[in-house]
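The structure appears below as structure tokens.
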Amino acid sequence: MTADGPGAGTGVRVPRAGLPAGASWHARVDCGGEVGAGFLVSEREVLTCAHVVRERDTGADVTVTFPHARPLGGVGARVVAHGGWGGGDLDTGDVAVLELERAVSLAPVEFAAPGDGYGDPPRRLLVYGFPARYDEGVLAEYRATATQRISDEWVQLEPWTGHGRPIAPGFSGAAAVLADTGRAVGMVTSADRGGPVRGGRMLPVAVLARYWARLTELIPTRGFGQADKETLRRLVTAAGADGPECVPDRLYAESVDPVGGPPLPPGGFHALWDVVWYLLSEVDDPAAPARFADRLADFVSDPEVRYGLRRWAARGGPPAPAAPTAAPTATASTAPVAPPVPPAPVAPPGPGPHTAPAAYAGPVTHDGPGPYAAPAPSGGVLPGGVPSVGAPDGRPAPAWSPIVVELERSGSGGGQYLAQVSAYRDGHRRVVGARTLAKRALPRYVAERVDEAFHELPHGAPVLIAFVVPRALLNEPVDRWPRGAGDPSPLGCLYPLVVLDRERRRQGGRRHELLRKWERLDARERAELYRVECGSAEDQGRLTVRLWEDGQMMGFTAPPTSPRMKRLFAAGLNGSVPVLLWPRTGCDGRHGDGEPCAGGEFLDELTAYVARLPPAELPSHIRALRSVVYLSDDPGSHWARDLTLLWEDPRCFPEPPGHAASPVG
């Protein structure tokens, strides 16, 4: 700390017993003629001010002692990270990380969440420093004047009481901790200049993390654990900025809600990680970091890094890690700390290994309320000459933005149905419209409401249209419903479209088991198709139990319209099979022995088609297949001419709510 404040004054020597439990992480830092404070953040790392150790450039040794663990003696240290402080009183980045020459068996400091140091009434902060004549240290009490920062860097401190100890040389680098919890909210850097000097300034934890990115793993943020932030930091650092369009300020704007979201902070952002940490620590929207990761992946050429970003975003942000990831050790460097250099290559942060074939082009993405682009061959061709949307590389499903169409019979009778269309954004349902009408009027009404629903979705989000229907309507050709009154293009050719069974969606036990199935599927590159052949006479209960254990996908030779197929289909639903596929027309069982079976041929083609596809991406691939069939010269002869996909991943859909209007209204 610069000696711009008054003298040390008088104070009370603080015995060890008077400190909060676990305060042994307080440190004294000596470097040449400079004395300051610091605090232990790991078994070998101490955080302090850069100006406290400035004489190291002249060859002075750095020694760290722990006043509440005197048997350790003085421990040599070296500067391994520096915030870029330029040497002036008003220069920013007054941060240095010291690496001890040996590990110490002391509990490190615990950090408070950004913003915890403020309140109304103010919160009492304790600071432990080493002013002149107090080699063992002295305790002082302060409070933050306001949440507003000075030059977006410092928070103003003032004494807790009018006669409190002033900040003076020797307090630099001290942690400011909450008196009631003992958690650090910032680091003292300087004293007020001029006048009756009593207060000073500190760098809050959110700003400290700008200069040492690894600190973000230790600072709690809502919903994001240590291992999760460490994974995201490595991915973002490895991603860099592959294209000129990858501008941090622009990515920030695309990550926050354009309506009512926080504006760009003064000065903008200089690096990608600056954006991420700002979203994690200072933006009150837990979904914003996931949107950032998903958008950043568009600019990344490295498939492994792109995969990691997509997977992180697809889970809505922080996955729940099985165990904390060990924090990396600091490496010797005197360069500015942010951003750090990650290990290479970056491993995908998911369960199980994934190997990416060279021909992968990625699933078709969508950029607003227009049709998806037609798939172009990227070196990968599926059986039957169908161009693939992209051969699988183990990449997870997109972070779908669902438009859900719910249909059910109305209590008003007369063949009336209640149709309700909703858009889901950030886990919240926004009802676009609900109306009771005749079955023949459903396609037009649904098309109009679906078009409106796009206005509720984030720009560029991958759209999934899901029809939640009673079992009697599962074979309804909803994928062929027109896009609008003036546009006969089939919905299923323009957007990924799936059906869901309303009865199963309402059953908590089935949804719980579906989640378990998807956890297994995420660790696999592909899934096995269970074939329900023509003439199959399996017992429904036995088949349900068999599928309950490991049922992944089911393919049927015929639709669930006959009594036998209804029973087998119910076994798949009751067995919590996530994916079921069938033709709306199929084998009627009237062929003789040895005669070709249309349903069997369908299953052969379907088995070959899905063999290379991850189930999480099936909606995009089936959309591409429907488009190919629709544009072919003879659609009626194609094996997939009336293919129906029931696909249900509960992670993509919020819990089913009740209708907003009475079905008989």
Side-chain angles (χ1 to χ4, degrees), residues 397-409 417-424 427 429-432 434 442-443 446 449-450 453 462-481 491-492 495-518 521 527 544 547 551-556 559-561 565-566 568-584 615-623 626 642-659 663:
W400 296 113
S401 290
I403 295 175
V404 177
V405 180
E406 299 177 81
L407 304 177
E408 66 176 333
R409 284 193 176 274
Y417 284 85
L418 173 64
Q420 182 167 275
V421 179
S422 306
Y424 286 82
R429 182 184 72 161
R430 305 185 184 191
V431 178
V432 177
L442 288 175
V446 167
R449 300 293 83 75
V450 165
V463 177
L464 176 69
I465 299 178
F467 278 76
V468 182
V469 299
R471 205 159 292 184
L473 290 182
L474 281 173
N475 209 46
E476 184 72 19
V478 292
D479 58 283
R480 292 189 180 175
W481 285 11
L491 272 176
Y495 310 105
L497 186 150
V498 300
V499 297
L500 283 75
D501 178 58
R502 170 172 289 281
E503 180 181 338
R504 182 169 79 169
R505 181 160 157 74
R506 288 174 168 172
Q507 297 170 337
R510 301 286 185 267
R511 290 173 62 82
H512 177 82
E513 186 62 21
L514 280 168
L515 288 170
R516 185 179 69 88
K517 292 283 182 70
W518 278 108
L521 289 174
T544 296
L547 295 170
Q552 303 165 12
M553 294 194 298
M554 290 184 75
F556 297 81
T561 52
M565 277 298 177
K566 285 181 180 178
L568 298 174
F569 194 82
L573 293 175
N574 295 336
S576 297
V577 177
V579 180
L580 293 87
L581 303 105
W582 68 92
R584 281 188 293 273
E617 295 181 12
L618 268 181
S620 289
H621 291 283
I622 296 301
R623 184 217 63 81
R626 285 169 176 157
D642 54 6
L643 174 64
T644 299
L645 169 65
L646 188 152
W647 181 96
E648 184 172 5
D649 184 348
R651 298 171 299 183
C652 297
F653 306 100
E655 289 293 326
H659 282 291

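Hydrogens, waters and symmetry mates are skipped; everything else that's a heavy atom, side chains included, is used.
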Worksheet item: Just how far is it from atom OG1 of Thr544 to atom CG of Leu568, taken to the nearest 0.5 Å?
Response: 9.5 Å

Worksheet item: Of the non-hydrogen atoms in Pro560 and Phe569, which two are nearest, and what is the gap between them?
Response: CB-CG, 3.6 Å

Worksheet entry | side chain to side chain contact (heavy atoms under 4.5 Å, CB included) partner of Pro496, chosen from Arg623, Arg626, Glu617 | Arg623

Item to complete: Drop me the distance from Leu646's CG to Phe556's CZ, to the nearest 0.5 angstrom.
Response: 9.5 Å

Worksheet item: If every non-hydrogen atom of Thr644 is compared with every non-hydrogen atom of Leu474, which pair is closest and at what distance?
Response: CG2-O, 4.0 Å

Worksheet item: Donor-acceptor pair, Arg504 side chain versus Leu573 backbone, under 3.5 Å?
Response: yes

Worksheet, complete the sentence: Distance col, row Asn574:CG vs Gln507:CD, nearest 0.5 angstrom, shows 7.0 Å

Worksheet item: Nearest 0.5 Å, what's the CG-CZ distance between Asp649 and Arg511?
Response: 9.5 Å

Worksheet entry | side chain to side chain contact (heavy atoms under 4.5 Å, CB included) partner of Val405, the single match among Val469, Leu497, Val450, Val478 | Val450

Worksheet, complete the sentence: Here the gap from Glu648 atom CD to Asp501 atom CG, rounded to the nearest 0.5 Å, amounts to 8.0 Å

Worksheet item: Salt bridge or not for Asp479 and Arg584, using N-O below 4.0 Å?
Response: yes

Discussion item. Check this for me, if you would: do Arg505 and Glu408 make a salt bridge, where the nitrogen-to-carboxylate-oxygen distance has to be below 4.0 angstrom?
Written reply: no

Fill in: Taking every non-hydrogen atom, the tightest pair across Leu547 and Gly572
CD1-CA, 3.7 Å

Response to the item:
In terms of heavy-atom contacts, Ala419 and Leu442 come closest through CB-CD2, 3.8 Å

Worksheet entry | Shortest non-hydrogen contact between Arg510 and Ser576, atoms and distance | O-OG, 3.6 Å

Worksheet item: What distance separates Leu514 CG from Arg651 CZ, expressed to the nearest 0.5 Å?
Response: 10.5 Å

Practice prompt. Measure from the side-chain N and O atoms of Trp647 to the backbone N and O of Ala466, and report whether any donor-acceptor pair falls under 3.5 Å.
Written response: no

Practice prompt. Answer whether the closest heavy-atom distance between the side chains of Leu407 and Glu476 falls below 4.5 Å.
Written response: no

Discussion item. Could you check whether any side-chain heavy atom of Trp518 comes within less than 4.5 Å of a side-chain heavy atom of Pro650, counting everything from C-beta outward?
Written reply: yes

Discussion item. Testing the basics here: between Pro477 and Trp481, what is the closest heavy-atom pair and its distance to 0.1 Å?
Written reply: O-CD1, 3.3 Å

